[in-house]
Number of protein chains: 2
Amino acid sequence: MLNSQYRHLQTYFKDLIRQKTLKAGTKLPSEREIGEQFKLTRVTVRQALQNLEAEGLIYRQNRRGWFVTPPAVIYDPASHLSFNLYVSKQGGIPHTEKLMQQVEPATAEIAQLMGIQEHTPILFLHRRRYIDQRPVLIEKIYINIDLLPGIEKEELSQSLGQLLKQKYQLEYRDMDLVFKSTSLPSHAANDLGISAGQAGLHIERINYTSDKKVLEIDYEFWRHDAMTIKISLRD
Amino acid sequence: MLNSQYRHLQTYFKDLIRQKTLKAGTKLPSEREIGEQFKLTRVTVRQALQNLEAEGLIYRQNRRGWFVTPPAVIYDPASHLSFNLYVSKQGGIPHTEKLMQQVEPATAEIAQLMGIQEHTPILFLHRRRYIDQRPVLIEKIYINIDLLPGIEKEELSQSLGQLLKQKYQLEYRDMDLVFKSTSLPSHAANDLGISAGQAGLHIERINYTSDKKVLEIDYEFWRHDAMTIKISLRD
DNA sequence: CAGTGGTCTAGACCACCAC
DNA sequence: TGGTGGTCTAGACCACTGG
């Protein structure tokens, strides 16, 4: 029914958040406290909280509690702005953490996408990115080092776009993008410090050079509540 | 824990679906049956099923049961193909149902976006679209009738793009797109016959004529599991 | 260590669907 | 009308976080 109890609770918090009585980042009372206040069991309280999470209004930190979600950042792939740039332009503090970096032989799949021989060495980069201290995405990047000799010796927690421009006089140009709304696979959820199975946004991006060679392949998993995609198509 | 019981159940069904032992559209056993078979309570069974739903592997029809999700359709806004065309090209059977159609005065918001006076008559169109009998999206469209005189007398469960081309010699050209992963608001969930609060994909699209006038504003709510967005950016 | 969320049990009643 | 999912109660134990 439309007037179920968890829905009441949902509306209650939704209104508080909309009115900004509960501000971004605020911690909600514990599930048990909420249950006591509204005379509901934890199961029912959690139903409401989980729905609010699906709406993107609140989020949880593993065993730490529930928090009000900050505004989503707008991502415009056509702008060719780096993460650092578009986040800070929108008033957030970006941060990138390198989780892993290594030169490794290309798998069949990557080799095929890159148009190179299988087992050709490529640079693999695994990063986690934050907005205002909150981890919002993890990404796995496969870089075509044939086109970018020496890149593996660079500092790779910075913006790749900037590095390409400064060191190699290359610019991001053409790209193929795939967006899919799905739940976060457990590896991504773990890296983001959230429980697996939560909603997320998956992005695949292939960046090309001006002569149509594959520069880089990027797989990103975002918290679903952290980003809005905006694109202008002009023929 | 990684080895919680609902996760076991999740993996069990995930494997069956991946192997296609459970085919698209198949109904799962009832929650009580699953619980009996695995010696679990319904709460636990539902936890697993809800996670599989978030992953997009299964979906539910209100009080009818759980079903295996069919493959997602690929939507490429830059292709300027109509829904009917890209769905059928990908092997699905598209269907559009008109829920409502009326000429009405523009709200302040719509008027501003369209660059017209408030209260100017516009055509409002509310449709539901299906793939293989399954409702996958609802859309609300606001059409600038100043640019399209007489359009309100046309049959509007067909493709708008085609109508524009044939009757008005207009083509979709430039557009602004916003994608957001969020839960379905209750009106959209009801129209799609699913329980409110489920994950969904929200799309806002503004279509322009070649002389930069707003032709149409479109708000779509998709089932999150029914679509993948694919875009190629070529400068 | 106390308190939190994460997981789970064993029931219950209701609204709705298909037969 | 019997079976389904939707909602809910009143507990419980565990793993982890924070002070």
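Values below: all heavy atoms of this structure, side chains included; hydrogens, waters and symmetry mates excluded. Letters A, B, ... mirror the listed sequences (proteins, then strands); counts begin at 1. Computed from a prediction, not measured in an experiment: that's the story for all the values here.
Residue A:Thr11 holds its OG1 atom at 8.5 Å from CG of A:Leu9, rounded to the nearest 0.5 Å.
One finds a side-chain N or O of A:Tyr6 lying less than 4.0 angstrom from the OP1 or OP2 phosphate oxygen of D:dT7. Close to C:dT9, at under 4.0 Å from its OP1 or OP2, lies a side-chain N or O of B:Thr44.
A straight line from CG of B:Asn190 to C1' of C:dC16 spans 14 Å, rounded to a whole angstrom. If you measure from atom CD of A:Gln47 to atom C1' of D:dG5, you get 12 Å, rounded to the nearest angstrom. Put simply, CD on A:Gln50 is 13 Å from P on D:dC8, counting in whole angstrom units. Note: CD (A:Gln5) to P (D:dG6) measures 17 Å, nearest angstrom. The interatomic distance linking A:Phe38 (CZ) with D:dT9 (P) rounds to 13 Å, in whole Å. Atom CG in B:Asn51 sits about 12 Å away from atom P in C:dG6, given to the nearest Å. Atom OH of A:Tyr59 and atom P of C:dG6 are 14 Å apart (whole Å). Taking atom CD on A:Glu36 and atom C1' on D:dG11, their separation rounds to 15 Å, with Å as the unit.
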Walk me through it: do B:Phe83 and B:Tyr75 pass the test ring-ring contact (aromatic ring centres under 6.0 Å, His included)? CA-CA 8 Å; B:Phe83 176 82; B:Tyr75 171 51; 8.9 Å; no
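Taking 4.0 Å as the cut-off between side-chain N and carboxylate O, B:Arg134 and B:Asp225 count as a salt-bridged pair. In summary, B:Glu97 and B:Arg129 do not engage in a salt bridge, as defined by a charged side-chain N under 4.0 Å from a carboxylate O.
Using Watson-Crick or G-U wobble geometry with both donor-acceptor distances under 3.5 Å, D:dG5 finds its partner in C:dC14.
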Mind listing the side-chain donor-acceptor pairs of residues 136-143 of chain B below 3.5 Å, one per line with the distance, residues two or more places apart or on another chain?
residue, atom, partner, partner atom, Å
B:Glu139, OE2, B:Arg127, NE, 2.9
B:Glu139, OE2, B:Arg127, NH2, 3.0

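Legend: salt bridge (charged side-chain N to carboxylate O under 4.0 Å, His left out) pairs involving residues 46-60 of chain A, not counting sequence neighbours, sorted by first then second residue: A:Lys14-A:Glu55, A:Glu31-A:Arg46, A:Glu53-A:Arg60.
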Short N/O separations, protein against nucleotides 3-5 of chain C, under 3.5 angstrom:
residue, atom, partner, partner atom, Å
C:dT4, OP1, A:Ser30, OG, 3.4
C:dG5, OP2, A:Glu31, N, 2.8
C:dG5, N7, A:Arg32, NH1, 2.8
C:dG5, O6, A:Arg32, NH2, 3.0
C:dG5, N2, A:Arg63, NH1, 2.6

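With B:Leu201 as the fixed residue, the side chain to side chain contact (heavy atoms under 4.5 Å, CB included) test singles out one of B:Leu184, B:Ile229, B:Thr228: B:Ile229.
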